[in-house]
Amino acid sequence: MGLNTNRLEALSKRFDEIEAGLAELGARFDQDRLIALSRERSSLEPTVQAYRAYRGVVREIADNEKLLADRSDPEMHTLAEEEAARLHDRRVALEAELTELLLPRDPNDDKDVFIEIRAGAGGDEASLFAAELARMYSRYAETKKMRAETVSQSESESGGFKEIVLNLHGGAPYRHFKYESGVHRVQRVPVTESQGRVHTSTATVAVLPEAEDVEIAIDPKDLDIDTFKSSGAGGQHVNKTESAIRITHRPSGVVVSCSEERSQIQNRERAMQMLRSVLLDRKQREADEALGSLRRSQVGTGDRSEKIRTYNFPQDRITDHRINESFQNIRTILDGDLDRIVAGLQRDERERLLSGGGTNAA
């Protein structure tokens with residue numbers, strides 16, 4: 001399969017246009033346009049750099065072939081043969097890299113996300129596990145220079161979470177976290193278990209890309225908005241005032257809440273962001289079902305009832321069931337070292353795309 005050089009030339013030209021546009025913004029600051037152009041530039045840069053390196057190698061090969069055709073200097077001819085082998089390998093490597101870079105990208109990859117984590121089966125142990133997952137995601141986000149904020153949380157008596165919602169910003173969160181949706185299962189001996197028996201508990205995770213205002217239209221008449229006193233973080237201030245917001249979208253039955261900001265206005269804005277994201281996710285899933293695809297890929301259907309990963313403490317092993325791969329050292333991974341697992345899932349996604357097996361994107 002040959003490279004689509006016409007498309008690559010168009011991307012290279014667009015990259016130059018973006019560079020010029022960013023230079024012009026130096027004279028008149030436009031934050032929205034700056035963000036949009038910067039994101040587009042960031043998404044194009046790896047492909048454009050690889051293509052320009054490829055063009056350079058093609059030129060070098062053409063020049064070297066002229067030397068190969070001239071046999072008047074045996075020593076020079078030998079050097080040209082050695083160079084030809086090096087240039088060939090370099091060209092093959094760049095063609096493979098560009099083939100991957102030209103694969104369809106998930107349109108949500110660069111978006112910020114909401115991550116909903118809920119304790120499942122297992123009582124207190126499940127809520128403690130939910131808290132560990134929230135901590136793992138926050139730590140992993142930090143290593144990727146993302147900003148993690150708590151939107152809402154409901155604590156259990158054991159000190160874990162019945163439910164917690166995180167909002168991650170910057171650094172293309174969806175690209176790294178989209179594989180986390182589903183059921184996470186933990187097998188270990190609970191602290192409260194006196195006889196040392198291994199228990200199995202679960203937590204469910206849903207990763208929702210943030211929706212833009214233009215993607216989902218919400219009629220204010222369809223909303224019931226309630227205020228309540230927060231019991232989460234924030235000290236006495238949030239407990240004395242009804243700053244927390246709960247929004248119910250009557251047509252869909254979706255209920256979201258935000259209790260971590262200081263004011264009703266901030267909590268309402270954050271809750272509306274989350275509502276748009278939930279409704280967009282539902283809309284996309286319905287469209288996928290209608291097409292009969294339902295995002296069939298290595299990340300599964302995205303169904304929250306699907307078991308995707310097992311955390312086996314007695315064997316110090318985490319197994320991701322979608323790629324049938326196990327990873328040692330649970331504690332390090334729970335401290336935020338998710339790169340090995342994410343890299344394996346991303347690699348599997350690329351392989352499926354290259355073989356025509358589809359992607360997680362609709």
Side-chain angles (χ1 to χ4, degrees), residues 113-143 146 148-168 173-174 176-193 197-208 230-234 244 246 254-260 270-271 274 277-278 281 299-300 302-314 316-322 327 329-338 341-342:
V113 300
F114 289 99
I115 301 181
E116 300 176 331
I117 306 167
R118 293 186 172 89
D124 286 344
E125 177 67 9
S127 69
L128 291 171
F129 181 47
E132 287 180 287
L133 290 177
R135 178 177 175 274
M136 176 178 72
Y137 293 146
S138 295
R139 289 285 184 90
Y140 182 54
E142 288 175 11
T143 68
M146 301 173 193
E149 299 174 345
T150 301
V151 176
S152 65
Q153 61 185 43
S154 174
E155 297 180 1
S156 65
E157 293 181 0
S158 63
F161 292 117
K162 298 176 184 176
E163 176 185 339
I164 180 169
V165 179
L166 304 176
N167 192 193
L168 305 185
Y174 191 73
H176 293 89
F177 285 91
K178 62 184 174 182
Y179 309 100
E180 297 304 306
S181 289
V183 174
H184 295 244
R185 181 176 68 174
V186 61
Q187 296 174 323
R188 64 183 171 190
V189 179
V191 177
T192 56
E193 174 55 56
R197 292 178 297 185
V198 174
H199 285 223
T200 298
S201 305
T202 63
T204 61
V205 176
V207 180
L208 308 173
S230 170
S231 59
R246 181 185 298 108
V254 171
V255 180
V256 298
S257 62
C258 182
S259 57
E260 300 305 305
R270 186 68 67 84
M274 186 173 177
S277 298
V278 173
D281 181 70
V299 297
D303 192 325
R304 298 176 198 181
S305 66
E306 181 182 14
K307 181 184 70 181
I308 63 166
R309 195 176 294 152
T310 295
Y311 302 69
N312 188 310
F313 275 76
D316 191 28
R317 182 184 69 214
I318 292 179
T319 301
D320 196 288
H321 303 293
R322 295 158 296 182
F327 306 84
N329 201 336
I330 286 181
R331 283 300 173 193
T332 299
I333 294 172
L334 287 175
D335 278 339
D337 184 18
L338 267 175
I341 299 178
V342 172

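If you read the sequence from its start, that first residue is 1, and numbering goes on from there. Atom set for the values below is all heavy atoms of this structure, side chains included, hydrogens, waters and symmetry mates excluded.
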Separation of [Y] [atom2] from [X] [atom1] (nearest 0.5 Å):
X	Y	atom1	atom2	answer
Tyr179	Tyr174	OH	OH	9.5 Å
Arg118	Leu133	CZ	CG	13.5 Å
Tyr311	Leu334	OH	CG	7.0 Å
Thr204	Ile117	OG1	CD1	9.0 Å
Ser257	Gln153	OG	CD	10.5 Å
Leu166	Arg135	CG	CZ	13.0 Å

Any donor-acceptor N or O pair under 3.5 Å, side chains Thr310, Arg185: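 Distance-only check passes for Thr310 and Arg185.
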No-hydrogen, no-angle side-chain donor-acceptor test under 3.5 Å, Glu149 and Asn167: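 No, no side-chain donor-acceptor contact under 3.5 Å.
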What is the minimum heavy-atom distance between [X] and [Y], and which atoms define it?
X	Y	value
Ser201	Gly122	OG-CA, 3.7 Å
Ser152	Ser259	CA-OG, 3.9 Å
Ile333	Met136	O-CG, 3.4 Å
Ala271	Val256	O-CG2, 3.4 Å
Ala203	Phe129	CB-CD2, 3.8 Å
Leu128	Ser158	CD2-O, 3.7 Å

Does some side-chain heavy atom of [Y] sit less than 4.5 Å from a side-chain heavy atom of [X]?
X	Y	answer
Ile115	Leu168	yes
Phe313	Gln187	no
Phe114	Arg270	yes
Ile330	Arg188	no
Val165	Met274	yes

Step-by-step salt bridge (charged side-chain N to carboxylate O under 4.0 Å, His left out) determination, Arg331 to Glu132: CA-CA 10 Å; Arg331 283 300 173 193; Glu132 287 180 287; 3.3 Å; yes
Any donor-acceptor pair under 3.5 Å from Asp320 side chain to Arg309 backbone: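 Looks like no, no N/O pair under 3.5 Å.
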Working for side chain to side chain contact (heavy atoms under 4.5 Å, CB included), residues Phe177 and Met146: CA-CA 12 Å; Phe177 285 91; Met146 301 173 193; 3.7 Å; yes
